[in-house]
Enquirer: 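Provided herewith is a single structure, encoded as structure tokens, for subsequent inquiry.
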Amino acid sequence: MVQTLPKHKCTILIILVFSFLQNGESHKFSRNLSPKSLGFKKQKLSHIHFYFHDIVGGDHPTAMQVARAAITKTSHTAFGLTVMIDDPLTVGPERTSKIVGRAQGIYASVDLNQVGLLMAMNYVFLEGKYNGSTLSILGRNSVFSPVRELPIVGGSGLFRFARGYALAKTHFLNISNGDAVVEYNVYVQHY
Ligand SMILES: *[C@@H]1O[C@H](CO)[C@@H](O)[C@H](O)[C@H]1NC(C)=O
Ligand SMILES: *[C@@H]1O[C@H](CO)[C@@H](O)[C@H](O)[C@H]1NC(C)=O
């Protein structure tokens with residue numbers, strides 16, 4: 001004998017199934033989106049050029065040692081030396097040149113044999129349409145090579161979905177106090 005549910009019980013069952021499905025829907029934690037739905041249209045490539053001032057000496061340093069290892073003093077690469085920076089980024093090479101952003105982060109000596117730094121920093125832009133946008137850099141800086149390449153691993157604001165690379169070239173180095181001016185050419189893909 002085939003038992004059929006009374007009509008009103010059927011309706012209740014359908015409502016229950018639907019509300020269960022809807023609940024399931026609202027608890028989903030991932031979905032596919034078109035880039036356009038978030039306002040991302042065409043990917044572009046930008047070239048950004050500035051000078052980075054690593055000011056170690058004087059009354060107003062922007063780069064300060066925050067840690068070191070027991071070996072740092074005797075190591076010819078100053079292994080373990082860790083420096084926190086909030087370095088100005090300017091349009092021209094002079095320290096008095098217009099500031100377009102800051103490089104905020106940490107660099108540390110991580111190579112026992114040759115001088116090599118781990119750089120972990122954000123470029124925080126302060127000028128024009130880039131004001132408030134950031135780029136994140138994580139890479140190796142062999143400071144005595146003529147040109148060093150550092151990966152851009154991401155960004156925020158106008159630089160969402162950023163990836164690319166930065167080429168660093170020492171413009172000036174004061175050997176007596178460690179002050180350096182580094183020219184940066186940054187090539188970055190973003191929307
Ligand atoms: C950048 O943005 C900050 C905060 O919104 C604002 O105070 C500042 O004037 C802006 N700078 C420029 C150069 O537009
Ligand atoms: C280099 O640093 C020394 C020591 O702080 C300073 O006396 C000198 O003026 C600096 N040289 C330049 C070119 O900035």
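Atoms within a ligand are numbered from 1 in the order they appear, just like the ligands themselves.
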Enquirer: Scan side-chain atoms only and decide if T62 and H53 contain a donor-acceptor pair under the 3.5 Å cut-off.
Expert: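 No - no donor-acceptor pair under 3.5 Å links their side chains.
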Enquirer: Considering non-hydrogen atoms of the protein only, which is the closest contact for atom 13 (C) of ligand 2, and what is the distance?
Expert: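 For atom 13 (C) of ligand 2, the nearest protein heavy atom comes out as F172 CZ, 3.8 Å.
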Enquirer: For atom 5 (O) of ligand 2, grab the closest protein heavy atom and report residue, atom and distance to one decimal in Å.
Expert: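 Minimum-distance protein heavy atom for atom 5 (O) of ligand 2 reads N177 ND2, 3.2 Å.
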Enquirer: Quick one: which of N174, L173, D179 has a heavy atom closest to atom 2 (O) of ligand 2?
Expert: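 The nearest heavy atom belongs to N174.
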Enquirer: Near L126, which atoms of ligand 1 are under 4.0 Å from a heavy atom of that residue?
Expert: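 It comes down to these atoms of ligand 1: 11 (N), 12 (C), 13 (C).
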Enquirer: If you measure every N or O of N131 against every N or O of ligand 1, does any of those distances drop under 3.5 Å?
Expert: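 N131 vs ligand 1: N/O contact under 3.5 Å present.
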Enquirer: Does atom CZ of R163 have more than 12 heavy-atom neighbours, drawn from other residues, nucleotides or ligands, at distances under 6.0 Å?
Expert: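 No, the 6.0 Å shell around CZ holds no more than 12 heavy atoms from other groups.
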Enquirer: Nearest protein heavy atom to atom 4 (C) of ligand 2, by residue and atom, and its distance?
Expert: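 Closest protein heavy atom to atom 4 (C) of ligand 2: S176 OG, 3.5 Å.
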Enquirer: When you measure from the side chain of H190 to the backbone N and O of L158, does any donor-acceptor pair fall under 3.5 Å?
Expert: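 Present.
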Enquirer: Using the six-membered ring wherever Trp is involved, compare the ring planes of F40 and Y191 and label them parallel, tilted or perpendicular (cut-offs 30° and 60°).
Expert: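 Tilted.
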Enquirer: Assign the ring pair F159 / Y130 to parallel, tilted or perpendicular, where the plane angle (0 to 90°) is split at 30° and 60°.
Expert: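 Ring orientation, 0 to 90° scale: parallel.
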Enquirer: What do you think, any protein heavy atom under 4.0 angstrom from atom 11 (N) of ligand 1?
Expert: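 Yes; the ligand atom in question has protein heavy-atom contact below 4.0 Å.
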Enquirer: Find all atoms of ligand 1 within a distance of less than 4.0 Å from any non-hydrogen atom belonging to E127, and give their numbers and elements.
Expert: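 Listed by number with element: 13 (C).
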Enquirer: F52 vs Y184 aromatic rings, parallel, tilted or perpendicular, using cut-offs 30° and 60°?
Expert: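 It falls in the tilted class, 30° to 60°.
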